[in-house]
Amino acid sequence: MNKRLVLIDGSSYLFRAFHALPPLSNAQGEPTGALFGVVNMLRAHLKDKPDYIAFVMDASGPTFRDELDPQYKANRPPMPDDLRAQIEPLMAIVQALGLPIIRESGVEADDVIGTLALQAAAGGVDVTVSTGDKDMAQLVRPGVGLVNTMSGSKLDSDEAVVAKFGVKPAQIIDYLSLVGDAVDNIPGVPKCGPKTAAKWLGEYATLDGVIANAGKISGKIGESLRATLPRLPLNYQLATIRTDVSLPERHDELAMRERDVEALRVLYARYGFNQALKELDGAAVPESAGAAMPKAPTGLRGFVAPPVIAGDIDPQLSRPGEYECVVDEKQLKTWADALAQASMFAFDTETDGLDPMQANLVGISLSTVAGKACYIPIGHVAAGEQQLALDTVIAALKPAFADPGKLKIAQNGKFDLHILHRHGLDVLPPLGDTLLESFVLDSSQRHDMDTQAKRLLGMDTIHYEDVTGKGAKQISFAQVALDVATNYAAEDADVTLRLHEVLSPKLAGEPKLDGVYRDIELPLVPVLARIERNGVLIDAAELRTQSAELSRRMLEAQQRATELAGRAINLDSPKQLGALLFDELKLPALVKTPGGAPSTNEEALEAIADQHELPRVILDYRGLAKLRSTYTEKLPEMINPRSGRVHTNYNQAGAATGRLSSNDPNLQNIPIRTEEGRRIREAFVAPPGRVIVACDYSQIELRIMAHLSEDPALLRAFASGEDVHRATAAEVFGKALDAVSSNERRAAKAINFGLMYGMGAFGLARQLGVPRGEAQDYIGLYFSRYPGVRDYMERTRVQAREQGYVETVFGRRLYLPYIASRNQAQRAGAERAAINAPMQGTAADIIKRAMVAVDAWLQPQNDQGLMIMQVHDELVFECDGGFADTLRAEVGQRMAGAADLRVPLVVDSGSGANWEQAH
DNA sequence: TGCTCCTGCAA
DNA sequence: TATTGCAGGAGCA
């Protein structure tokens, strides 16, 4: 057996732990979050008892890379004080643990690790590099592997690197040179992302190969590559980890020293590491430290036990599961009995499609105990008599799924609720949902199960596409062989239960977040499921008529454009339009796209509309084409043939602020602002005898701003029921309410909205079409009239910077990783998000609460009224004609009562034969 | 067929 | 150089 060397990239972990963990502190108020993460990670490595180990940190001062490129890492924010303060304590703990520490100036930790890794591998030692830095993938080779204990991922073979990056370890430097690195300020090839880089390297093998063949790569991206050619060799040098650093110690001198128990005891106590302290006193840690959950905070006042973090993954969490395929009644009974005994269980469904309103049930998986799960095939095509009948399975499971004493846990349970409901099995509360647990804990993370399993359990799960294939060759899950299906599907239930066991205590440790999860998100799941299931009736004939009219007018515009251009032109192609307008016709290109090309967007075309007839024609065409392709043509296609209605999907974990989003189709962006766009809403209809009712919050986000800022003038305006934009205009322009002109009101409205998004004078000037100085004056006047708003915004920025997150009124949290960035644009963006999120997020919380309350009232009304849509500040219903007034009153009352703010919540409503009329 | 960009719809 | 989303078409390989 080879000896083993573990090289720990201390700098990368410290930085990542700092940003991944809450800003904890000990009883003395010293920051400890990052320290805690890194120390836990270290302890996990030590349990492995490697033969050699080193903790490698960046030294201070410049390195050879700074000499190569003065811009290198120029965008790096300075190290936050709270992070800097944790370095010395960390070094003290590492020292006391007995780990060799290496800090070498003039190079980075990467280079030290690269050198030691190759040296050791050459000497027949198995090397594990523990790092959070993907650049290190270039070191992977026989004898050298990477592990990231924070994400739980492992890169220990060519195949693993290829799976992650699409290129081999030997091509990683070439890959990084092309893609670049925003964090290190290495500019790659514009428009070349990971996929493109991997593709080129697949074709030409090396960066030199790509450079040599740059002439063959066509299109814009080819131009982009050729423009960047001179820079690439430097990128290659910067991305190359050195493996020839001369170091004071050889790899085989890096043995553990005796640890200094007394020093550790003092340090652990000081920083509040209770678990570590216990282990120190309790001698060896039991291998099956079964209690994977963090201990509740005991002793040591002021220290909050952090949630389980990736660096602290217990190996027990990722142990393989035992999975059973249930094909006869005896097995089924055994599992039904297990459900009957259990207080909670996880479940998952497999289907033959992704549309919850159409897909058929193919199988159900269950787990009552982490590590044990079953799969019950039902709709597999080749299973023959091997599988139980749907009715048998449903009958056996029904009692458990309806039991109010059992917690039923799923990942994105709304989908499974739909599928099971359509197959005769209703899932009744209480529910648990790992998607929502993860979303509430940190909305900026990814919440898909594979990612969560890796991050929280250290598990590499089987991916759906591993089982079904993908693209044209993809097969339905119904065609998957039973043994393969069992391994995949049972694992899903197993992992769901394991995730819940990790996430649930994390939430319990954050009472406000737990409240958001339990009181807002979970109760909403069945409500959303009902809204989606209800669907909305679409008048397809009306849309077809509109489509024909739009087509006719588009053709006219197209013909006129051809005349004006003197040649054929594709009006749908920004590229062709740009060439025509700016190259051939020499019109001024006043706006640039984010990619740097001259833009043909509405603003750019409006700006040159007085110089040529064509821009106006293009604008007309665009407006028509948008309506036709996105709405009048698409919506009829989305009608479900079984129900005759359109069923959107609401994504409950989509928007970081807590808003819902809608897709397939998106019913939250149906036009309203233009006359012809608004007509689309006439096709959202009620069946005979029924009407559409729409209820929306009036100025909800501004009201929340008034509540949060407690600004007297703003509070007064809302309290007295004034038109708030008019009131703002009166304040800003120093006039009586009834003396405000429509233009002044328009300006005030722009200020009100702009401020909520963190807009500056530049943006307001552009919005209003006034000089920047004038816009600045408006903003100045605004803040002098509403000083509470100014103070609130400043408080929010400070809070975001200090805590790393902002909160809604109900305690929902949004983390802002870029809030302390030294990159001015990134930081400014994070500040704008920080200002907007509490308002947008609180509004989302409020309407979610309202939906739950409205649904509770509506459910017993026997379908006299159905909730059918949510559009951020609006709820839409379909109801019996005679029920409309009742519904408007009852809904309005519940929406207005969904929160108790310092200003009243006002709800407007209307009804009519279609959605347009209901407004 | 999948990726990337540009454009534009809503609150 | 105004937030949060979803989605269509073009262009490319």
Side-chain angles (χ1 to χ4, degrees), chain A residues 190-196 198-200 202-203 216-222 224 443 470-474 570-578 591-605 618-619 622-623 625-631 633-634 648-651 654-674 677 680-681 696-697 699-701 750-751 753-767 772 775 814 824-825 828-841 843-844 847 870-874:
Chain A
K191 298 187 172 58
C192 174
K195 302 282 177 183
T196 307
K199 195 178 61 191
W200 288 347
E203 202 160 338
K216 293 187 194 161
I217 295 170
S218 57
K220 226 170 167 178
I221 194 151
S224 173
S443 63
K470 62 173 179 172
K473 285 178 301 202
Q474 187 168 41
N570 181 352
L571 294 177
D572 288 323
S573 166
K575 189 179 167 182
Q576 293 186 30
L577 288 177
V591 184
K592 292 255 182 286
T593 69
S599 172
T600 65
N601 70 11
E602 182 175 358
E603 188 190 353
L605 296 181
I618 297 168
L619 284 168
R622 283 247 180 97
K626 174 82 180 180
L627 293 177
R628 195 178 96 101
S629 65
T630 310
Y631 303 106
E633 287 291 303
K634 278 285 142 32
T648 187
N649 174 60
Y650 288 102
N651 187 346
T657 52
R659 267 194 184 181
L660 299 178
S661 71
S662 153
N663 57 49
D664 297 310
N666 182 354
L667 296 185
Q668 292 180 321
N669 71 344
I670 304 301
I672 190 167
R673 292 179 193 189
T674 67
I680 309 262
R681 294 184 173 223
D696 67 287
Y697 284 111
Q699 310 292 0
I700 186 164
E701 293 192 14
I751 298 174
F753 280 112
L755 284 174
M756 285 194 299
Y757 300 142
M759 182 170 66
F762 181 96
L764 182 61
R766 199 170 63 171
Q767 174 75 28
R772 192 172 160 177
L814 176 64
Q824 138 81 15
E831 286 183 357
R832 290 193 296 269
I835 286 181
N836 178 255
M839 295 182 264
Q840 192 181 112
I847 196 164
Q870 188 256 39
V871 193
H872 305 307
D873 65 358
E874 174 182 6

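Quick note on labels: first sequence line is chain A, next is B, and so on, each numbered from 1.
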If you look at every strand shown and take non-hydrogen atoms under 4.0 Å, does Gly754(A) touch a base, only sugar-phosphate, or nothing?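 Base contact.
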*With heavy atoms under 4.0 Å as the rule, sort Ala825(A) into base, sugar-phosphate or nothing.*
nothing
Result for side-chain hydrogen bond (donor to acceptor under 3.5 Å, both in side chains) between Arg622(A) and one of Asp572(A), Asn601(A), Thr600(A) points to Thr600(A)
So the contacted stretch of DNA chain C, first to last nucleotide with an atom under 4.0 Å from a non-hydrogen atom of chain A, runs from dT1(C) to dA13(C)
With [X] via side chain to side chain donor-acceptor pair (under 3.5 Å) - residues at least two apart:
| X | answer |
| --- | --- |
| Gln474(A) | Thr468(A) |
| Gln840(A) | Thr657(A), Asn836(A) |
| Thr648(A) | Ser662(A) |

Report the residues that fulfil salt bridge (Lys or Arg N to Asp or Glu O under 4.0 Å) with [X], sequence neighbours left out, ordered by chain and then residue number.
| X | answer |
| --- | --- |
| Glu203(A) | none |
| Arg832(A) | none |
| Arg659(A) | Glu701(A) |

### Query
Among all residues two or more places apart in sequence or in another chain, which pass the ring-ring contact (aromatic ring centres under 6.0 Å, His included) test with Phe753(A)?
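So Phe753(A) forms a ring-ring contact (aromatic ring centres under 6.0 Å, His included) with His725(A).
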Reading nucleotides 5-11 of chain B from 5' to 3' and marking B where a protein heavy atom lies under 4.0 Å of the base, S where only the sugar-phosphate is that close, and - otherwise, the string is SSSBBSB
